[in-house]
Protein chains: 2
Amino acid sequence: MLTISQVSKRTGLTPYTLRYYEKIGVLPESNRSDGGARIYTEEEVSFIHFLNRLKQLGMSLDEMKEYFCDGCVLEKVQQGEDIEDTLNKRIDILIKHLAELETKKQELEYTISLTKDKLAIYHHLSK
Amino acid sequence: MLTISQVSKRTGLTPYTLRYYEKIGVLPESNRSDGGARIYTEEEVSFIHFLNRLKQLGMSLDEMKEYFCDGCVLEKVQQGEDIEDTLNKRIDILIKHLAELETKKQELEYTISLTKDKLAIYHHLSK
DNA sequence: GTACAAGTTAGAGTCGACTAGAAGTCAAGA
DNA sequence: TCTTGACTTCTAGTCGACTCTAACTTGTAC
């Protein structure tokens, strides 16, 4: 059980940003202490790390909301919601995202090869 | 020799954006026609395509400015500027960027594997 | 019981990256 | 010559993603 400032230190996101993410629905509503302060679990921290990776790769917060839906699917399943439907929808979303990531990887590899080509040209010029 | 709207169609950037990029120094100052209209070369178009790739990968316009410096180094060399210095600086910048791209690639691969793991779990749950 | 650190909300401000509007210039065709 | 369309600059507005302020509450230490 972690406070917002502990999560801030671990994830590199400020408390402002963590509250903002919750407000706009990128993160689920946190559990609260008796006094009303947010408390986080280790799982939430690792989910935030996952979102950070996606942000680094250029994903928008709107797109990440879909991942939040994905992130809370296990709870929903445990609460006995329409397992078939919910799960199949989430699987579709994940497959779509996976395809995007693979495309991004290919583009990245192409950009790396372009950059290497440039570097070779400059090395050739400089000697 | 291309007009701004032709470059817009080819690159997917609006004329507004092309002028904006020039204004803030992401693109070099374009050559002009007698009437004062911007004219672009094929090389500039392919440089813009390259910048688009970097944008897709989450690079900021500020970071891209360094690439502009890189993009115009060949001209500078042709104009007989301090070849050794300029070129070596640019080579350093390219090496740095290449390292960043490689890091990004590793992160992307890790994210892909995480996503695949999730997918496997959901597939297991849904059957 | 009072001070103080760390949390809370609502709402305003900032910054990067566009995006659009207004007003004017230029070249080509009726 | 006049209109039309595509360009020009300058300036202002928008939008996403934070970031901060103000005013308030809670929990602990003295």
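Both backbone and side-chain heavy atoms feed into the values below; hydrogens, waters and symmetry mates do not.
Residue contacts shown for B/I24 are absent, as no nucleic acid heavy atom lies under 4.0 Å away. Here A/R19 lies in heavy-atom contact (under 4.0 Å) with a base. At the heavy-atom level, A/S33 lies nowhere under 4.0 Å from the strands shown. As judged by a 4.0 angstrom heavy-atom cut-off over every strand, B/K23 is placed among the base-contacting residues.
Between B/D34 atom CG and C/dT25 atom C1' the separation is 14 Å, expressed in whole Å. Rounded to whole Å, atom P of C/dA17 lies 14 Å from atom CD of B/Q56. Atom P of nucleotide D/dT8 and atom CD1 of B/I39 are separated by 11 Å, given to the nearest angstrom. As rounded to whole Å, 18 Å separates atom C1' of C/dA27 from atom CD1 of B/I4. Following rounding to the nearest Å, B/Y40 (OH) and D/dC7 (C1') show an atom-to-atom distance of 11 Å. When the C1' atom of D/dG13 is taken as reference, atom OH of B/Y20 falls 14 Å away, rounded to whole Å. Straight-line distance from the CE atom of A/M59 to the P atom of D/dC18: 14 Å, rounded to whole Å. Computed from coordinates, the B/L27 CG to C/dA17 P distance equals 13 Å when rounded to whole Å.
The residues A/K105 and A/E100 are annotated as not salt-bridged, no charged nitrogen and carboxylate oxygen being separated by less than 4.0 angstrom. Under the 4.0 Å criterion applied to side-chain N and carboxylate O atoms, A/K104 and A/E109 are not assigned as salt-bridge partners.
Mapping B/D62 and B/G35 onto DNA chain C by nearest heavy atom places B/D62 at the nucleotide closer to the 5' end. Toward the 5' end of DNA chain C, the nearer of the two residues B/K55 and A/E22, judged by each one's closest nucleotide, is A/E22.
Look at A/R32 and you won't find any side-chain N or O under 4.0 angstrom from OP1 or OP2 of D/dT26. A close approach under 4.0 Å does not occur between any side-chain nitrogen or oxygen of A/R38 and OP1 or OP2 of C/dG7. Using a 4.0 Å cut-off, no side-chain N or O of B/Y21 falls inside it from OP1 or OP2 of C/dA17. OP1 or OP2 of D/dC7 sits under 4.0 Å from a side-chain N or O of B/S5.
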Audit row: A/R10, A/L2, side-chain contact (heavy atoms from CB on, under 4.5 Å) steps and yes/no: CA-CA 10 Å; A/R10 289 222 204 169; A/L2 303 156; 3.6 Å; yes
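A side-chain donor from one of A/E22 and A/S30 sits under 3.5 Å from a side-chain acceptor of the other.
Looking at residues 6-18 of chain B, you'll see that no heavy atom sits under 4.0 Å from any atom of DNA chain D.
Distance alone, capped at 3.5 Å, is enough to place a donor-acceptor pair between the B/E63 side chain and the B/S60 backbone. Using modelled atom types, no side-chain atom of B/N31 and backbone atom of B/R38 make a donor-acceptor pair closer than 3.5 Å. Between the B/K55 side chain and the B/F50 main chain, no donor and acceptor come within less than 3.5 Å of each other.
When each of B/L13, B/L18, B/T14 is tested with B/Y16 by the rule side-chain contact (heavy atoms from CB on, under 4.5 Å), just one qualifies, namely B/T14.
Overall, the helix from C/dG1-D/dC30 to C/dA30-D/dT1 carries an axis bend of 10° between its ends, with five pairs at each end and the value rounded to 10°.
A/I39 CD1 to A/D34 CG: the interatomic distance, rounded to the nearest 0.5 Å, is 8.5 Å.
The minimum heavy-atom distance between B/L61 and B/V26, with the atom names listed, is O-CG2, 3.5 Å.
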